[in-house]
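Proteins come first, then strands; the chains are lettered A, B, ... in the order of their sequence lines, and each starts at number 1.
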There are 2 protein chains.
Amino acid sequence: MTTTMDGDRSGVPPLTKGERTRRRIMDSALELFGERGYTSVSLRDVAARAAITHAGLLHYFSGKDDLLITVMIDRDKQEIIALQEHIEQLSRRDGRPWTVDDVGLSWLVGQIAANQRRPDLAPLYVKLSAEATEPSHPAHNYFRKRYARLRRTLTGSMARAFATADPPVTGHDPVAAAAQVIALADGLQIQWVLDPDSVDMVASLLGYLRMLGIDPDGWALADEAAG
Amino acid sequence: MTTTMDGDRSGVPPLTKGERTRRRIMDSALELFGERGYTSVSLRDVAARAAITHAGLLHYFSGKDDLLITVMIDRDKQEIIALQEHIEQLSRRDGRPWTVDDVGLSWLVGQIAANQRRPDLAPLYVKLSAEATEPSHPAHNYFRKRYARLRRTLTGSMARAFATADPPVTGHDPVAAAAQVIALADGLQIQWVLDPDSVDMVASLLGYLRMLGIDPDGWALADEAAG
DNA sequence: CGCGTTATCTACCATGCGGTAGATTCTACG
DNA sequence: CGTAGAATCTACCGCATGGTAGATAACGCG
């Protein structure tokens, strides 16, 4: 259900047994949190999916909260790595150094497209970000920071897209547009997860960007999934 | 914390004791679900806020699920009534029969504005709609229907707004635009609930509508709250 | 006022929870 | 191959949960 046990790539880090188990736990946790949210998933649930006892799980994580934030931060790292690799790949292909500002928007759309095809992560973020709204939630601060970071990054991308559009876009505020495109992506995912036929997330996002004066038609949408 | 006990309006239905208790329970439930979501609120929590025992609560509702959907459907009824009253009031004022299509969009914006001022309902819908994403959730079907209804209603409003705009808007699909404006409202609320200073929901919504070619400047935004 | 109905309480149940303690099995390295 | 240390298990704790049973208290109508 998660990953095969012996899929070790040629030799470099032989990955001790404990590390493998830890990974298995984190994979299971990510799946289950996506399926049913944080609060209603028990440590025993996660442990069972990882073929372990819940006491065994607690050998690796100090508690349920620890498991959650560890998993989320790990997701972030993978996301950032994937984005950087994508940028490097593009730069190599075009013999030109692309930046985050250049590819941020197309990356966002690519992520949504990936979610729409292999629907694992969308429910995770939909459920968790809503739960984490409560200040006492263990992931509250994580999500505040995540959204702040996302807005910052996309503000840069938006400004860049405005500047390089043909004709250049002058009437819109990149800060507001960044928050708006994030909101749109989130809201679309809610409707889509509730009823996948009700809405075409990618088309809607691209339409929105075109409305802003940005032309996404030439984008090579990042096709690979996120991690 | 909820309503005062003797706020009975002049006489018509003297409201039996049981009915009053039932109302008190529903009010408490709505508050708590908004504060902490459905799953993590216990019947004892709700009962305590309603100054009753959890067993006493179960005299009125057959179970936790029953309580949830009863409360949500009740909210819907109040929402619809408030909308109709708003329409009638406008029609009386202008001596002209307004319809839902005429006021739908301004109503939506008014609701968001109300949420932004008195932040009770926004967290409720943010948390519940995310939880209800899971098909086994007791409110899953409720939310599917709610969103479908919302899209239908706003599609009409959108078409009307496009037609009556100056100049009339031709390039946009009312169906897609309806889903988009709902998504935008939802997504903005997530960011706003997480960090109220991060985003101006009303300004963002109005900006979006203007971008569509709709001019909301003349709207008399519905100022009163919803329930 | 009397009394049936309704509302509410106390007490209980089985279940599942997060977390801990300590015994036991397995791993991997010298 | 032996053994220290890591990994994992069994067993338990206290607590909260949703729900039930039945006794008791309050209401409100005749």
Side-chain angles (χ1 to χ4, degrees), chain A residues 2 5-6 8 11-29 32-33 35-71 128 131 134 136-139, chain B residues 2 5-6 8 11-29 32-33 35-72 127-128 131 134 136-139:
Chain A
T2 56
M5 288 192 53
D6 293 319
D8 49 3
V12 205
L15 221 47
T16 178
K17 182 162 194 244
E19 290 167 327
R20 261 180 287 138
T21 302
R22 194 184 155 91
R23 253 272 80 75
R24 228 170 52 237
I25 294 172
M26 291 173 68
D27 290 344
S28 307
L32 281 167
F33 292 159
E35 289 171 19
R36 311 197 325 249
Y38 173 71
T39 323
S40 27
V41 165
S42 74
L43 291 182
R44 283 166 174 89
D45 293 337
V46 178
R49 183 163 304 198
I52 210 183
T53 301
H54 93 285
L57 187 156
L58 286 166
H59 176 67
Y60 293 93
F61 301 93
S62 66
K64 205 189 175 188
D65 295 4
D66 180 34
L67 174 60
L68 207 219
I69 68 154
T70 304
V71 158
L128 275 190
E131 280 186 22
E134 197 59 16
S136 64
H137 194 281
Chain B
T2 57
M5 289 191 54
D6 293 321
D8 48 5
V12 204
L15 222 45
T16 177
K17 183 163 195 242
E19 290 166 326
R20 261 180 289 139
T21 302
R22 194 182 155 92
R23 250 280 71 80
R24 226 170 52 237
I25 294 172
M26 291 172 67
D27 290 344
S28 308
L32 281 167
F33 291 158
E35 290 171 18
R36 314 205 314 257
Y38 172 72
T39 323
S40 26
V41 165
S42 74
L43 291 183
R44 282 168 175 87
D45 293 337
V46 178
R49 183 163 303 197
I52 209 182
T53 302
H54 92 286
L57 188 156
L58 286 166
H59 176 67
Y60 293 93
F61 300 92
S62 66
K64 205 189 174 189
D65 295 5
D66 181 33
L67 174 60
L68 208 219
I69 68 154
T70 304
V71 158
M72 294 311 290
K127 292 188 185 100
L128 275 190
E131 280 187 22
E134 197 58 17
S136 64
H137 194 282

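For dT8(D), one of the phosphate oxygens OP1 or OP2 lies less than 4.0 angstrom from a side-chain nitrogen or oxygen of Thr21(A). A close approach under 4.0 Å does occur between a side-chain nitrogen or oxygen of Lys64(B) and OP1 or OP2 of dG18(D).
Closest-nucleotide positions on DNA chain C for Thr53(B) and Ser42(A) were compared, and the one nearer the 5' end corresponds to Thr53(B). With DNA chain D read from its 5' end, the first of the two nearest nucleotides for His54(B) and Ala51(A) is the one closest to Ala51(A). Judged by closest nucleotide on DNA chain C, Asp45(A) is the one of Ala55(A) and Asp45(A) placed further toward the 5' end. Nearest-nucleotide assignment on DNA chain D puts the 5′-proximal partner with Asp65(B), out of Asp65(B) and Lys17(B).
Considering all non-hydrogen atoms of both residues, Ser28(A) and Val46(A) come closest at CB-O, 3.8 Å. Shortest non-hydrogen contact noted between Val41(B) and Leu32(B) is CG2-O, 3.6 Å. Heavy atoms only, all atoms of each residue included: Val71(B) and Ala29(B) are closest at CG2-CB, 4.0 Å. Of all the heavy atoms in Leu43(A) and Lys64(A), the pair that sits closest is CD2-CG, 3.6 Å.
Rounded to an integer number of Å, the gap from Arg44(B) CZ to dG18(D) P is 7 Å. Between the C1' atom of dG19(D) and the CG atom of Leu43(B) lies a distance of 9 Å, rounded to the nearest Å. What separates OH of Tyr60(B) from P of dG19(D) is a distance of 18 Å, to the nearest Å. Between the C1' atom of dA25(D) and the NE2 atom of His59(B) lies a distance of 13 Å, rounded to the nearest Å. Rounded to whole angstrom, the span from the CG atom of Leu58(A) across to the C1' atom of dT8(D) amounts to 12 Å.
Note that CG of Leu57(A) and CE of Met26(A) are 11.0 Å apart. Values are rounded to the nearest 0.5 Å. Summarising the geometry, atom CD belonging to Glu35(A) is positioned 11.0 Å from atom OG belonging to Ser40(A); distances are rounded to the nearest 0.5 Å.
Note on Val41(A): only backbone sugar-phosphate atoms sit closer than 4.0 angstrom, heavy atoms only; bases stay farther off.
From the 5' end on, the contacts that DNA chain C makes with chain A at under 4.0 Å to a non-hydrogen atom open and close at dC17(C) to dA28(C).
Annotation: ring pair (Phe, Tyr, Trp, His ring centres under 6.0 Å) contacts involving residues 38-62 of chain B, sequence neighbours excluded, comprise Phe33(B)-Tyr38(B), Tyr38(B)-His137(B).
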